[in-house]
2 protein chains.
Amino acid sequence: MAYRETEKMRLRKAGIRQRIFDCAYHRVSQGGFRNASINLVAEDAGVATGSVYRHFESKAELFAEVFREATQIELDKVESALTGQEPALVRLERAIRQFAERALRGPVMAWSLIAEPVDPLVEEERLNYRRSYAEFFERVILEGIEAGTLPPQDAHLSATCLVGALAESLVGPLSPQQQGPVQMPPVGDQSRQKVLIEPIIDFCMQGVSGQRR
Amino acid sequence: MAYRETEKMRLRKAGIRQRIFDCAYHRVSQGGFRNASINLVAEDAGVATGSVYRHFESKAELFAEVFREATQIELDKVESALTGQEPALVRLERAIRQFAERALRGPVMAWSLIAEPVDPLVEEERLNYRRSYAEFFERVILEGIEAGTLPPQDAHLSATCLVGALAESLVGPLSPQQQGPVQMPPVGDQSRQKVLIEPIIDFCMQGVSGQRR
DNA sequence: ATAAAGAGTGAATCAATATTCATTTTTTGT
DNA sequence: ACAAAAAATGAATATTGATTCACTCTTTAT
């Protein structure tokens, strides 16, 4: 024998894989999944088209991974916003406000994650993550019910409704049609954001608590 | 000249167009847009593939029309459920309950209309119709605010949240994955439906009214 | 009956990328 | 330096239905 994979090679391959992944991620964050073909990603990464397939099973796998990475970041933020000693309602409000703010700050990626048409495999990830969001919300709602700060309710359904209300109310403002193909102004100033976000929070908090704010 | 379109011909063409449309509609209602190729629709309708194009601009146009027809029926039902002399909240509840019940009764079509991945042109129709639903809800919310039976709020946002909460909470139960490819039991008995629908209504009514139910 | 015009046909073509794979280049151990 | 092994390449191929269009069949008015 003459060739055996060495540590150096392993590192180089990992680096290339990472570069391909990063370029795919970047493309999506700039122009959505629609603008991210394998050829373009390969070009960005400075490798041949076929090389992408040395590192990823298929296009769908690559972009499912991109989707997971991007969404997990948001999910982590939501989770940590939901964590704390405050009453459940306060934590829910913090999480929802933060999610919406971040979405409006990075509208292209947010739209891709929330609403862009995608491969079935990626769509599956989307459904999984929506369920994950709902599960986090559900847990906090249950805590609130137990602590007596929230009224008894079907926590699972309430959580699902939260996710839906949040997504739907953001889809309009985030959609490329609304934003124009290239969004020059970063979606809107703080006051514009506030006008959008506060009513969402009002609705969601009332839905969960049955209490006027 | 020798040939000029006669009334008889006009009628026959209209009939064929209608038959193609009906077959497309039927295919969607049975197996969603995914199972409705032009070839199959043509076969169902007993015409050649190419003939479909004598009557419809493109596949996307045909199915956009199917989408409109199917959704308009639901929209009309919602509109009439929203109409009446009762307080706004009562009418909203009636409309939402009816929408959800109908969706669960015809889960394949409902899923296609609410969540199935579709052509961009059809997706556009979906967005339009979601906006239409929201507009109807918004009008009623505004009436409620004016009449003093609902608290002041951003009616547009509240309406959008209603649409989102409703859609999201139905997507799970309606999804083919949940249902299995062929849903033998018609989705669930009345009690199952009640368990699903009542919490949705609780959340939505509380979101709009800020009142515990 | 005839021929002009339109309608109907369905096999062939197209389109747009994802994917492959025969070939070339690089790496490694002797 | 050599050759085995693997990695990289990118032009060629595959895929999957939508769409076309040259041809045939019908309808109509004379």
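Fair warning: this is a prediction, and the values are worked out from it, not measured in the lab. Chain identifiers are assigned alphabetically (A, B, ...) following the order of the sequence lines, protein sequences preceding nucleic acid strands; residue numbering begins at 1 within each chain.
In this structure, CG of B:D119 is placed 14 Å from C1' of D:dT16, rounded to the nearest angstrom. Regarding B:R19, its CZ atom lies at a distance of 12 Å from the C1' atom of C:dG8, rounded to whole Å. Between A:K59 atom NZ and C:dT20 atom C1' the separation is 17 Å, expressed in whole Å. B:E43 has its CD atom 14 Å from the C1' atom of C:dT9, to the nearest Å. Put simply, CG on A:L62 is 16 Å from P on C:dT17, counting in whole angstrom units.
The salt bridge (charged side-chain N to carboxylate O under 4.0 Å, His left out) search around A:E138 returns none, not counting sequence neighbours. Listed by chain and number, the residues in a ring pair (Phe, Tyr, Trp, His ring centres under 6.0 Å) with B:F67 amount to none (sequence neighbours excluded). With sequence neighbours left out, B:F99 forms a ring pair (Phe, Tyr, Trp, His ring centres under 6.0 Å) with B:Y133.
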Set out, line by line, the N/O atom pairs under 3.5 Å between protein and nucleotides 13-15 of chain D.
none

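DNA chain C contains the following stems of three or more consecutive Watson-Crick or G-U pairs, with both distances under 3.5 Å: C:1-30 with D:1-30.
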Quiz item: For every nucleotide of nucleotides 20-27 of chain D, 5' to 3': is a protein heavy atom under 4.0 Å from its base (B), only from its sugar-phosphate (S), or from neither (-)?
Solution: B------B

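When heavy atoms are screened at a 4.0 angstrom cut-off, A:S51 is found touching base atoms of the nucleic acid. Among the protein residues, A:I16 comes within range of the sugar-phosphate backbone only, with heavy atoms under 4.0 Å from sugar or phosphate atoms but none that close to a base.
For the residue pair B:T160 / A:E168, no side-chain donor-acceptor distance below 3.5 Å is found, with atom types taken as modelled. Side-chain N/O atoms of A:D202 and A:Q206 include no donor and acceptor closer than 3.5 Å.
Few gaps surround NE2 on A:H55; more than 12 heavy atoms of other groups in view lie less than 6.0 Å from it.
The only member of A:L113, A:V28, A:T71 that meets side-chain contact (heavy atoms from CB on, under 4.5 Å) when paired with A:V66 is A:V28.
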